[in-house]
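We count ligands from 1, going down the list as the structure has it; atoms in each ligand are counted the same way. Along the sequence shown, residues carry numbers from 1.
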Amino acid sequence: MKKLVIIGVGLIGSSLALGLKTRKSAYEVIGVFRSKSNANLALEMGVVDRCVSDLGEVAAELGGGDIVMMTVPTLSIEAVLHQCRSLLSPSVTITDGASVKGSVREAALAVYGCIPSQLVLGHPIAGSEKSGVSAANPNLYVNHRVILTPMPETDHAHVDDVAKMWREVGAEILLMDVDLHDEILGATSHLPHVIAYSLVDTLASDAHNEDIFRYAAGGFRDFTRIASSDPDMWHDIMLANKKSVLHSIDLFTANLERLRAAIESNDGDAIKGVFTRAKTARDHFTQRLKQQEK
Ligand SMILES: NC(=O)c1ccc[n+]([C@@H]2O[C@H](COP(=O)([O-])OP(=O)(O)OC[C@H]3O[C@@H](n4cnc5c(N)ncnc54)[C@H](O)[C@@H]3O)[C@@H](O)[C@H]2O)c1
Ligand SMILES: O=C(O)C(=O)C[C@]1(C(=O)O)C=C[C@@H](O)C=C1
């Protein structure tokens with residue numbers, strides 16, 4: 001039986017594990033836990049077959065066809081890669097789910113001095129504002145994309161194994177360049193989180209915040225769900241993808257300034273222009289998503 005070792009069994013790792021187990025996939029899933037209570041919960045929920053507290057406890061059992069998945073916060077990947085380097089044979093596939101790929105590439109270069117052929121960088125484009133093993137969802141990845149960013153040094157056999165595992169839980173695989181990934185996700189995922197956190201923080205700091213939140217309804221809820229996401233996880237993402245995030249913030253700020261000026265000067269055409277273009281783009285995107293899900 002092939003082995004999948006998950007380091008960091010939170011929302012992303014446990015949803016993958018539960019997805020595989022629900023579909024009776026041929027992996028023995030072993031979780032590496034720092035906390036005994038999380039390990040017990042994961043066993044109770046049937047997320048993992050076995051728990052260990054250190055990769056060293058299981059490393060000698062691993063070989064070709066086995067996968068080590070790092071689903072820890074983005075800036076913790078380097079520490080985990082140090083363990084991988086000292087404990088894993090080159091035949092074991094190593095992959096990750098971190099939200100930024102350039103920083104993982106840098107971490108690999110710092111740890112190995114080169115990109116190891118067994119390392120396949122990946123990112124599931126699915127998630128939620130919830131964290132931890134208790135949020136495990138076996139269908140989280142169904143009809144969602146997983147972006148893999150193989151580099152020239154990456155061995156195709158390792159890429160194939162990782163792609164096959166994600167397909168088993170219903171995901172669609174997309175291959176992409178590391179830097180392009182970070183640019184796109186900086187705009188489509190990291191910027192919206194900056195805006196949602198900043199909006200809620202702005203309103204919460206207002207002297208009348210009790211009244212503001214009392215009268216907030218659906219629009220506010222729809223727009224700000226992601227501001228309930230884990231601050232530690234997002235701290236890492238912002239710093240790891242600083243260049244792309246700053247670029248996106250600058251573009252957004254300039255656009256917002258233009259909209260502000262249009263409102264100030266009663267420029268109805270400009271206001272309607274922005275809203276109409278945005279509605280058309282969003283309706284088109286929603287339609288495409290619906291078709292993909294059919
Ligand atoms: N939450 C999302 O929507 C989402 C989506 C796609 C990708 N990601 C990425 O996936 C990764 C995991 O996110 P998550 O939402 O599952 O977070 P999570 O907080 O639910 O789980 C992270 C787990 O890693 C453990 N951990 C933290 N540091 C560790 C370390 N140094 N060694 C071992 N374990 C460690 C934590 O105890 C926790 O169990 C992050 O890199 C995140 O950027 C998250
Ligand atoms: O749905 C959410 O709550 C998410 O934030 C998921 C989301 C996203 O921005 O789309 C968040 C981070 C990821 O790396 C991938 C997906």
Ignoring hydrogens and angles, write down the donor-acceptor pairs under 3.5 Å from the side chains of residues 158-168, residues two or more places apart or on other chains.
from : atom 1 : to  : atom 2 : distance (Å)
H158 : ND1    : T93 : OG1    : 2.7
E168 : OE1    : S25 : OG     : 2.8

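- Listed by number with element, the atoms of ligand 2 under 4.0 angstrom from any heavy atom of I226 are 3 (O).
- Contacts with ligand 1 closer than 4.0 Å are made by backbone heavy atoms (N, CA, C, O) of V9 only, the side chain lying farther away.
- Of the protein's non-hydrogen atoms, the one nearest atom 1 (O) of ligand 2 is R225 NH2, 3.1 Å.
- The aromatic rings of H123 and H181 sit perpendicular to each other, their planes meeting at more than 60°, with 30° as the lower class boundary.
- Atoms of ligand 2 lying under 4.0 Å from at least one heavy atom of E129, given by number and element, are 3 (O).
- Scanning the protein for heavy atoms near atom 15 (C) of ligand 2, the closest one is H123 NE2, 3.6 Å.
- Within the structure, the closest approach of S128 to ligand 2 falls below 4.0 Å when heavy atoms are considered.
- Looking at ligand 1, you'll find an N or O of S99 within less than 3.5 Å of one of its N or O atoms.
- Between S103, S15, G8, A136, it is G8 that holds the heavy atom closest to atom 23 (C) of ligand 1.
- Nearest-heavy-atom check against atom 4 (C) of ligand 1 across I12, D232, V72 picks out I12.
- Numbered from 1 in the order shown, with element, the atoms of ligand 2 that lie under 4.0 Å from a heavy atom of S189 read 8 (C), 9 (O), 11 (C), 12 (C).
- Among protein heavy atoms, atom 20 (O) of ligand 1 sits closest to G132 N, 2.7 Å.
- Nearest protein heavy-atom contact of atom 22 (C) of ligand 1 is T71 O, 3.7 Å.
- Summary of contacts: the protein heavy atom closest to atom 19 (O) of ligand 1 is S131 CB, 3.9 Å.
- Of all protein heavy atoms, the one closest to atom 37 (O) of ligand 1 is R34 NH2, 3.4 Å.
- Against a heavy-atom cut-off of under 4.0 Å, P124 is close to the following atoms of ligand 1: 6 (C).
- Checked by distance only, ligand 1 and K130 stay at 3.5 Å or farther apart across all their nitrogen or oxygen atoms.
- When only interatomic distances are considered, the shortest N/O to N/O separation between L11 and ligand 1 falls below 3.5 Å.
- If you check which protein heavy atom lies closest to atom 44 (C) of ligand 1, you get M233 CE, 3.3 Å.
- When only non-hydrogen protein atoms are considered, atom 9 (C) of ligand 1 lies nearest to G97 O, 3.2 Å.
- The closest approach between A126 and ligand 1 falls below 4.0 Å for a heavy atom of the residue.
- Between S99 and ligand 2, a contact under 3.5 Å exists for at least one N or O pair.
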